[in-house]
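One structure below.
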Amino acid sequence: MGQIVGAALVSHHPGLMQCEEFRVLQGAGADSDLIPGYARVREHIVAARPDVIVIFDSHWFTTGYHLIDGGAHYSGMYISDEMPWYLHGVPYDYRGHPELALGIDAVAREHGVRARAVQHPDLPRHYPTINVIKQMRLDAWPIVTVSSCQNCETPHFLQSGEVIGEAIRRSHLRVVMLASGALSHKFNGIDWKPNHPRIFHESNVSRPENIASDKRAIEAFREGRHDRILAEWDEDYRKRPWEAHGAHYLQMVGALGGAACRNAGTVLSEYENARGTGNVHIWFDTL
């Protein structure tokens with residue numbers, strides 16, 4: 001029987017792909033703590049001994065279906081159409097895991113969930129996948145990326161996660177899941193002036209109420225109270241909103257049991273700003 005041997009919520013924000021000199025300048029003399037935080041997350045991944053890593057990508061927006069990339073291998077040179085002036089020339093070369101992707105597809109069809117595997121070798125990449133692969137050297141493992149379906153509601157994301165969890169259990173695989181995205185995801189305006197000289201400082205997150213909401217979520221993660229987050233989702237977190245309406249987190253927690261999940265989180269970085277969005281790395285032990 002397969003197992004989910006670990007999970008994490010991780011930031012992928014593109015500023016982390018800037019050179020260290022620039023990051024330190026933006027950090028008023030100190031780098032983003034999310035950078036050493038990646039090393040901390042990787043230590044947990046290595047210790048979990050996964051066969052495959054599943055990444056919930058909060059920028060791979062699909063319509064009509066949750067999609068799972070089922071290719072055997074992906075390689076190329078990544079350039080972001082969002083910010084090509086610095087996020088460009090990023091080589092990637094990593095294995096996929098078609099067996100797991102097709103297994104998820106089969107369970108989805110069985111349960112009537114609109115999720116499908118796609119196996120086109122030229123399927124574009126997105127930086128929530130590429131950035132975390134590069135920063136944590138994840139190309140040592142096969143990677144399966146899952147989309148964020150933009151015409152879904154919260155129950156649909158949880159159902160997608162349930163299907164993924166069931167497919168993993170039916171496999172022979174040890175799997176680590178990474179929800180790649182931010183918490184609150186409201187950008188500061190283009191003419192905004194920082195509240196604090198360290199650009200990563202939490203006071204530079206777009207709204208005080210978003211900071212307070214993000215910290216409530218982080219505390220609930222520490223306590224393993226995913227039920228509390230889901231119970232308050234529509235009235236709190238969905239309104240911020242979280243990145244991709246929380247698709248990355250919701251699918252991950254759906255695979256871990258949804259509201260019944262009590263996997264406590266270990267915070268592995270400072271809570272930081274990125275253009276107004278709230279970012280943090282949190283690891284969830286699952287065994």
Side-chain angles (χ1 to χ4, degrees), residues 6-17 32-35 37-38 41 45 53-62 66-69 78 80 82-83 87 124-136 138 143-150 152-154 156-158 160-161 164 176-188 200 202 205-206 210-211 213-215 217-218 220-221 226 229-230 233 236-256 265 267-284:
L9 177 70
V10 294
S11 174
H12 61 243
H13 81 77
L16 301 174
M17 299 294 282
S32 164
D33 191 55
L34 294 166
I35 293 294
Y38 279 128
V41 176
I45 294 172
I53 294 175
V54 170
I55 298 177
F56 297 100
D57 188 312
S58 54
H59 280 221
W60 182 16
F61 291 113
T62 55
H66 310 280
L67 295 184
I68 307 98
D69 61 8
Y78 179 75
S80 166
E82 182 182 350
M83 44 200 69
L87 189 49
R125 305 289 82 194
H126 302 274
Y127 67 72
T129 292
I130 297 300
N131 288 6
V132 299
I133 288 175
K134 299 302 288 188
Q135 289 286 2
M136 291 192 283
L138 300 183
I143 305 289
V144 172
T145 297
V146 179
S147 78
S148 298
C149 182
Q150 62 186 345
C152 286
E153 300 297 333
T154 300
H156 302 119
F157 293 123
L158 292 170
S160 172
I164 290 167
V176 162
M177 302 186 302
L178 301 178
S180 180
L183 302 181
S184 63
H185 199 255
K186 174 68 176 177
F187 290 121
N188 290 320
F200 310 120
E202 66 179 47
V205 170
S206 59
N210 285 4
I211 299 170
S213 175
D214 287 348
K215 289 191 171 184
I218 291 169
F221 289 146
H226 301 274
I229 291 178
L230 294 176
W233 187 264
D236 190 346
Y237 308 112
R238 178 65 179 83
K239 290 182 176 180
R240 300 298 141 200
W242 281 20
E243 188 162 14
H245 304 310
H248 55 313
Y249 165 71
L250 293 170
Q251 291 184 94
M252 180 186 75
V253 79
L256 293 172
V267 179
L268 296 179
S269 75
E270 295 177 4
Y271 169 69
E272 292 189 350
N273 162 67
R275 292 191 180 271
T277 71
N279 293 261
V280 69
H281 301 321
I282 302 179
W283 176 265
F284 301 96

Side chains of Thr145 and Asp57: any donor to acceptor distance under 3.5 Å?
no

Leu250 vs Arg238, side chain to side chain contact (heavy atoms under 4.5 Å, CB included): CA-CA, chis, key distance, verdict:
CA-CA 11 Å; Leu250 293 170; Arg238 178 65 179 83; over 6 Å; no

Are the aromatic rings of His185 and His245 close, with centres under 6.0 Å apart?
no

Sidechain-backbone polar pair: Tyr127 side chain, Tyr78 backbone, donor-acceptor under 3.5 Å:
no

Donor-acceptor contact below 3.5 Å, side chain Ser206 vs main chain Lys186:
yes

Got a sec, which pairs hit salt bridge (charged side-chain N to carboxylate O under 4.0 Å, His left out) with one end in residues 270-281, sequence neighbours left out?
Arg198-Glu272

Pair Tyr271, Asn279: side-chain N/O donor-acceptor within cut-off below 3.5 Å
no

Evaluate the criterion side chain to side chain contact (heavy atoms under 4.5 Å, CB included) for residue pair Leu9 and Phe221; output intermediate values, then yes/no.
CA-CA 10 Å; Leu9 177 70; Phe221 289 146; 4.0 Å; yes

Report the C-alpha distance between Asn273 and Thr277 in whole Å, list the side-chain angles of each, state the deciding distance to 0.1 Å, and finish with yes or no for side chain to side chain contact (heavy atoms under 4.5 Å, CB included).
CA-CA 6 Å; Asn273 162 67; Thr277 71; 5.7 Å; no

Side-chain H-bond candidate by donor/acceptor type, His226 with Tyr249, under 3.5 Å:
yes

Between Ser58 (side chain) and Ala244 (backbone), is there a donor-acceptor pair under 3.5 Å?
no

Flag, side chain of Glu243 to backbone of Ala182, donor-acceptor distance under 3.5 Å
yes

Go through Ile53 and Leu178 one step at a time and tell me if the side chain to side chain contact (heavy atoms under 4.5 Å, CB included) criterion holds.
CA-CA 7 Å; Ile53 294 175; Leu178 301 178; 3.9 Å; yes

Evaluate the ring planes of Tyr237 and Trp233, with Trp represented by its six-membered ring, and classify them as parallel (under 30°), tilted (30 to 60°) or perpendicular (over 60°).
tilted

Donor + acceptor pair across side chains of Ser180, His248 (<3.5 Å)
no

Please check if the side chain of Gln135 supplies one atom and the backbone of Leu16 the other of a donor-acceptor pair under 3.5 Å.
yes

